[in-house]
Amino acid sequence: MAEPIDRRTALAGLMGGGMLLAGCDRIASTSAFDHAVGGARALTFHSQRALIADGRLAREFTPADISTRFHANGSTDPDDAIYRAHVDSGFRHWQLVVDGLVHRPLRLSLAQLARLPQRTQITRHDCVEGWSAIAQWQGVPLGLVLAHAGLMPDARYIVFHCADRLGGDVYYESIDLVDGFHPQTILAHRMNGQPLAVAHGAPLRLRVERQLGYKHAKYVMRIELVAGLDRIGGGRGGYWEDRRNYDWYAGI
Ligand SMILES: Nc1nc2c(c(=O)[nH]1)N[C@H]1C(S)=C(S)[C@@H](COP(=O)(O)O)O[C@H]1N2
Ligand SMILES: [Mo]
């Protein structure tokens, strides 16, 4: 698909003011303008590219397809003291941190996340260990949160820092902006109509439906926007990528 706006056109549009924007894709040009003026809904060039780069959707299922059992895998009950305190207080004081290469670092409570526009989807989770299960997930499109935070031009990757450790190392994962702004990429806080259980990543987990299970970070505490992944964890973009050489892009 041809890009509706390229960097040169966008820059020309910005320098020339509103007039030159008339011929451009509406969302892209508005976003470029917002970005240039530091507007509250700024999307960067990268994120515009992400929005249009690959819109393919993962398959969605019907309520009748939902699995009666959904295995919980990896960490299922983190023992981190701060996390335990959040469990004990029903996550009332928990806040998601969004920081790094953003114009407006955010701290969002569960209540605030629940008040943002929601997406609900019934999808199949595929683990490399050889099992799959279908569930309904509800959450906030990650792209919305990113747009609120306003990405800086250098932001290329989204890192999810988790509350749990496996074998001594903190679990983390990362995705690029293409998947970050994909409509089915959500920060899920409900599963099958219930608040997310601890075993499945309470209070908040990533659903990135076009990739394998290990990319779906549970217990997300902090989302960090970075220019590169080399200085995060072992430098390969995720816990299993570092440990077992799993692919960073785990497309299904
Ligand atoms: N924080 C964290 N996220 C994680 C894991 C983990 O151990 N810790 N395991 C991953 C793997 S390998 C899979 S298959 C899924 C399992 O999600 P589930 O427990 O809801 O089935 O979470 C992924 N995300
Ligand atoms: Mo997995």
Side-chain angles (χ1 to χ4, degrees), residues 58-59 61 65-87 91 94-98 110 113 120-139 142 157-176 179-180 182 184-224 229 232-234 236-252:
R59 178 167 172 203
F61 296 80
D65 300 317
I66 292 174
S67 304
T68 46
R69 262 187 51 83
F70 195 116
H71 180 64
N73 207 37
S75 297
T76 53
D77 198 11
D79 60 8
D80 174 75
I82 293 172
Y83 181 79
R84 296 306 324 166
H86 283 308
V87 173
F91 299 103
W94 176 92
Q95 287 184 315
L96 172 70
V97 172
V98 183
L110 265 186
L113 285 164
T120 301
Q121 57 202 24
I122 300 174
T123 54
R124 194 184 64 214
H125 179 100
D126 295 315
C127 174
V128 286
E129 289 166 29
W131 57 272
S132 298
I134 294 173
Q136 182 197 62
W137 304 97
Q138 181 194 319
L142 176 61
Y157 301 98
I158 307 153
V159 180
F160 303 87
H161 297 282
C162 306
D164 59 312
R165 287 172 182 274
L166 276 181
D169 295 327
V170 173
Y171 200 96
Y172 79 101
E173 257 303 337
S174 64
I175 59 175
D176 66 10
D179 272 316
H182 186 275
Q184 289 171 318
T185 299
I186 64 174
L187 297 170
H189 54 89
R190 295 178 75 81
M191 177 187 185
N192 295 336
Q194 303 291 326
L196 201 54
V198 167
H200 292 293
L204 195 72
R205 80 173 306 165
L206 176 65
R207 294 300 309 171
V208 49
E209 303 294 354
R210 299 183 305 176
Q211 296 203 51
L212 290 169
Y214 61 89
K215 301 296 291 186
H216 298 237
K218 307 196 281 189
Y219 318 111
V220 175
M221 303 295 278
R222 174 180 171 220
I223 296 177
E224 182 187 11
L229 296 170
I232 310 289
R236 291 169 172 270
Y239 178 89
W240 288 114
E241 290 88 329
D242 289 341
R243 287 231 158 180
R244 293 275 170 82
N245 233 352
Y246 282 16
D247 288 335
W248 175 76
Y249 190 80
I252 295 173

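Just so you know, ligand 1 is whichever comes first in the structure, and atom 1 is the first atom listed for that ligand. Computation of the quantities below employed the complete heavy-atom set of this structure, encompassing side-chain atoms and omitting hydrogens, waters and symmetry-equivalent molecules. In this chain, numbering begins with 1 at the start of the sequence shown.
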Enquirer: Quick one: look up the protein heavy atom nearest atom 21 (O) of ligand 1 and list residue, atom name and how far away it is.
Expert: His71 O, 2.6 Å
Enquirer: How far is atom 10 (C) of ligand 1 from the closest protein heavy atom, and which atom is that?
Expert: Tyr171 OH, 3.4 Å
Enquirer: Give the contacting part of Ser75 toward ligand 1: side chain, backbone, both or neither, where contact means a heavy-atom distance below 4.0 Å.
Expert: both
Enquirer: Any donor and acceptor pair, going by atom type alone, linking the side chain of Lys218 with main-chain N or O of Ala199 inside 3.5 Å?
Expert: yes
Enquirer: Show, in sequence, the C-alpha distance, side-chain angles and deciding distance for Glu241 and Lys215, and conclude whether the salt bridge (charged side-chain N to carboxylate O under 4.0 Å, His left out) test is met.
Expert: CA-CA 10 Å; Glu241 290 88 329; Lys215 301 296 291 186; 3.0 Å; yes
Enquirer: Return yes if some donor-acceptor pair links the side-chain N/O of His216 with the main-chain N/O of Val208 below 3.5 Å, else return no.
Expert: yes
Enquirer: Ion pair present between Asp77 and Arg84, side-chain N to carboxylate O less than 4.0 angstrom?
Expert: yes
Enquirer: Any donor-acceptor pair under 3.5 Å linking the side chain of Gln211 with the backbone of Ala250?
Expert: yes
Enquirer: Taking the six-membered ring for Trp, are the ring centroids of Tyr219 and Tyr171 within less than 6.0 Å of each other?
Expert: no
Enquirer: Tyr172 and Asp242: side-chain hydrogen bond (donor to acceptor under 3.5 Å, both in side chains), yes or no, with the steps?
Expert: CA-CA 10 Å; Tyr172 79 101; Asp242 289 341; 2.7 Å; yes
Enquirer: Under 4.0 Å from a heavy atom of Cys127: which atoms of ligand 1 are those, numbered in the order shown and with their elements?
Expert: 14 (S)
Enquirer: Can you list the ligand 1 atoms lying under 4.0 Å from a non-hydrogen atom of Gly74?
Expert: 7 (O)
Enquirer: So, is Asp164 polar-close to ligand 1, with some N/O to N/O distance under 3.5 Å?
Expert: yes
Enquirer: Would Asp179 and Arg210 count as a salt bridge (charged side-chain N to carboxylate O under 4.0 Å, His left out) here? Give the steps.
Expert: CA-CA 8 Å; Asp179 272 316; Arg210 299 183 305 176; 2.8 Å; yes
Enquirer: Only heavy atoms of Tyr219, strictly under 4.0 Å: list the atoms of ligand 1 that pass.
Expert: 1 (N)
Enquirer: Heavy-atom contacts under 4.0 Å between Tyr214 and ligand 1: side chain, backbone, both, or neither?
Expert: both
Enquirer: Out of His200, Arg205, His216, whose heavy atom is nearest to atom 17 (O) of ligand 1?
Expert: Arg205
Enquirer: Kindly compute the distance separating CH2 (Trp131) from CG (Asp126), expressed to the nearest 0.5 Å.
Expert: 9.0 Å
Enquirer: Heavy atom under 4.0 Å from ligand 1: found in Ala199's side chain, backbone, both, or neither?
Expert: backbone
Enquirer: Could you tell me the separation between the CZ atom of Phe91 and the NE2 atom of His189, rounded to the nearest 0.5 Å?
Expert: 13.5 Å
Enquirer: Note the single closest protein heavy atom to atom 23 (C) of ligand 1, along with its residue, its atom name and the distance in Å.
Expert: Gly213 O, 3.3 Å
Enquirer: When you measure from the heavy atoms of Trp131 to every atom of ligand 1, does any distance fall below 4.0 Å?
Expert: yes
Enquirer: So, is Asn73 polar-close to ligand 1, with some N/O to N/O distance under 3.5 Å?
Expert: yes
Enquirer: Quick one: pull up NE2 in His161 and CD in Glu224 and give me the separation to the nearest 0.5 Å.
Expert: 4.0 Å
Enquirer: At less than 4.0 angstrom from any non-hydrogen atom of Leu166, what atoms of ligand 1 do you find?
Expert: 7 (O)
Enquirer: What's the spacing between Ile158 CD1 and Leu142 CG if we round to 0.5 Å?
Expert: 5.0 Å
Enquirer: Is Val128 touching ligand 1 with its side chain, its backbone, both, or neither, if touching means heavy atoms under 4.0 Å apart?
Expert: neither
Enquirer: Between His125 and ligand 1, find which residue part has any heavy-atom pair under 4.0 Å and reply side chain, backbone, both or neither.
Expert: side chain
Enquirer: Quick check on Phe70 - does any of its heavy atoms sit under 4.0 Å from an atom of ligand 1?
Expert: yes
Enquirer: Within a distance under 4.0 Å of any heavy atom of Cys162, pick out the atoms of ligand 1 and give their elements.
Expert: 1 (N)
Enquirer: Can you tell me which residue and heavy atom of the protein come closest to atom 3 (N) of ligand 1, and the distance to 0.1 Å?
Expert: Lys218 N, 2.9 Å
